[in-house]
Enquirer: 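My questions will all concern the structure given below.
Just the heavy atoms: all of them, side chains too, but no hydrogens, waters or symmetry mates, feed the values below. This chain uses plain numbering: 1 for the first residue, then up along the sequence.
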Amino acid sequence: MIKIKQIAIIIAFIVCHNTHAFSDSASSTSVMDFNGDPPSRENKLLFGGMWTIFADGLIDLGAGQRLQRYIDDNNIPNGSTIVLNSIGGSLIGGIELGKTIRTHSLNTHIGTKGNKIIIGGKCYSACAFAFIGGKFRYATKGSVYGVHRFHKFDNNANSDDAQIVSAALVQYIRDMGVDPALFEQMVLAGKNQINIIQEQDQEKLNIVNNGREKTVWELMNLPDGTVYLAGRRETWRGKELLVFSCMPDKDKKRKGMVFAAGVFGGKMADAIGTRASSIVINDIKYRLDKYDAIGEGARIENGMVWKEFSLPAEMLPLIMRAKTIGILFQTAYDAPSFAGFMDMDTEGGIEKLSNILRGCER
């Protein structure tokens, strides 16, 4: 793996902006500073005292260090939000700022401070790399996200240097959980042009994840030989987990499908007291009250609320065609609130689930 610091001498001089081409206000050419308001009493009670930090201006080599000092001086908790508004700056500065943002699990928005709301802003070039440092990344209405080729490349840089820079950027993009195709979008931009990434493409490349990390599906084995499929993801609400497995009958044969769901977060206590449970497939809710719950109902294990069900054969084709799957825990089926989630994506999981189904049929 290429270390960013190993190539600092090569690319410290590379600047990711052109103030003549991209600057549209006097404040855009000022070095980035950080400011925010201390959380209100209500914020502390409801959200744990999370801050919103506003970061405006050009990104220099010291931007990450200044953010770190600002966080330390104000005792800003992890999981707070930083709102970025910048036309670019230093490549290394943008990456280091992004790494500081990730270290503190900050959530990123593009925008600037309006009258009690966040309004649209710009995030070009080096800012684009700082932005993807956010754990959860949001598209603010009216904001613009853009990338472009690095000017040194346009000036026929040494090919070895260019390859090192490219490899480092692609590695950083991967480390932040973003599709490396983002780098290709940089190359597509013409000289002195910004390639604006449209909102749908931001989501496709996982530049924006809207508070949800990508679901990871894994086949795993228990010591007794049971194979199960687990889908897990982390969201702004907490951790979410779905599990599918075969249910052995009394003769130790594989029979039926076990569906289990777990949620971790602010509504755990509510989930324990619920009586109405539903599986959600492609946004359609299917009540589980007519299916047997396994065990004594919802329970807490390792800080996560769990509930298990045995699913009948008629549910399996629906699951195999699912684009999204979820679980709802409610006090009643017509209750307006719920614990759980509705939209865990099945990409990468359905093919693995077919292996589980073959085992259930034996």
Enquirer: Which pair of non-hydrogen atoms, one from Asn107 and one from Gly79, has the smallest distance, and what is that distance?
Expert: ND2-O, 3.4 Å
Enquirer: Kindly compute the distance separating CG (Asn195) from OH (Tyr124), expressed to the nearest 0.5 Å.
Expert: 11.0 Å
Enquirer: I want to check something: taking the side chain as every heavy atom from C-beta on, are Phe131 and Val178 in contact at a cut-off of under 4.5 Å?
Expert: no
Enquirer: Please confirm whether the backbone N or O of Ile197 pairs with a side-chain atom of Gln202, one donor and one acceptor, at under 3.5 Å?
Expert: yes
Enquirer: Does any N or O in the side chain of Asp201 come within less than 3.5 Å of the main-chain N or O of Lys204, such that one atom is a donor and the other an acceptor?
Expert: no
Enquirer: Can you measure from CG (Asp56) to CD1 (Ile87) and round to the nearest 0.5 angstrom?
Expert: 12.0 Å
Enquirer: If you round to the nearest 0.5 Å, how far is CD1 of Ile82 from NE2 of His104?
Expert: 10.5 Å
Enquirer: Once you round to the nearest 0.5 Å, how far does CG of Leu84 lie from OG1 of Thr108?
Expert: 6.5 Å
Enquirer: Between the main-chain N or O of Val227 and the side-chain N or O of Asn221, is there a donor-acceptor pair closer than 3.5 Å?
Expert: no
Enquirer: Under 3.5 Å, is there a donor-acceptor pair between the Asp179 and Asn206 side chains?
Expert: no
Enquirer: Between Ile71 and Leu106, is there a side-chain heavy-atom distance shorter than 4.5 Å?
Expert: yes
Enquirer: Where do Ile279 and Met315 come nearest, in terms of heavy atoms and distance?
Expert: CG2-CE, 3.7 Å
Enquirer: Write down the atom of Arg102, the atom of Met176, and the distance for their closest heavy-atom approach.
Expert: NH2-O, 3.2 Å
Enquirer: Does Thr140 use its side chain to pair, donor to acceptor, with the backbone of Gly120 at less than 3.5 Å?
Expert: no
Enquirer: Are there over 12 heavy-atom neighbours, none belonging to Glu199, within less than 6.0 Å of that residue's CD?
Expert: no
Enquirer: Any ion pair linking Arg212 and Asp345 (charged N to carboxylate O, less than 4.0 Å)?
Expert: no
Enquirer: Can a donor-acceptor pair be found, under 3.5 Å and without considering hydrogens, that links the side chain of Thr346 to the backbone of Ala322?
Expert: yes
Enquirer: Are Leu311 and Ile327 joined in one hydrophobic group, where the rule is that I, L, V, M, F, W and Y side chains link up if heavy atoms are under 4.5 Å apart?
Expert: yes
Enquirer: So, the side chain of Asn209 versus the backbone of Lys135: is there a donor-acceptor pair under 3.5 Å, distance only?
Expert: yes
Enquirer: Please confirm whether the ring centroid of Phe244 lies under 6.0 Å from the ring centroid of Phe259.
Expert: yes
Enquirer: Atom CE of Met50 and atom CD1 of Ile53: how far apart are they, to the nearest 0.5 Å?
Expert: 11.5 Å
Enquirer: Answer yes if Leu219 and Met320 sit in the same cluster of Ile, Leu, Val, Met, Phe, Trp and Tyr residues linked by side chain heavy atoms under 4.5 Å apart, and no otherwise.
Expert: yes
Enquirer: Going hydrophobic residue to hydrophobic residue with side-chain gaps under 4.5 angstrom, can you get from Phe54 over to Ile110?
Expert: no
Enquirer: Hey, does the side chain of Tyr70 reach the backbone of Ile76 with a donor-acceptor pair shorter than 3.5 angstrom?
Expert: no
Enquirer: Would a distance-only check, ignoring hydrogens and angles, find a side-chain to backbone donor-acceptor pair under 3.5 Å from Ser245 to Tyr228?
Expert: no
Enquirer: Which residue pairs pass the disulfide (SG to SG under 2.5 Å) test with at least one member in residues 63-108, sequence neighbours excluded?
Expert: none
Enquirer: Once ring-ring contact (aromatic ring centres under 6.0 Å, His included) is applied, do any residues pair with Tyr138, and if so which ones, sequence neighbours excluded?
Expert: His109
Enquirer: Any salt bridge between Arg232 and Glu218, counting N to O under 4.0 Å?
Expert: yes
Enquirer: Does Tyr172 reach the main-chain N or O of Phe129 with its side chain, forming a donor-acceptor pair under 3.5 Å?
Expert: yes
Enquirer: With a 3.5 Å distance limit and no angle check, can you tell me whether Thr215 reaches the backbone of Arg233 through a side-chain donor-acceptor pair?
Expert: no
Enquirer: Out of curiosity, Ile194 CD1 to Lys122 NZ, how far, rounded to the nearest 0.5 Å?
Expert: 11.0 Å
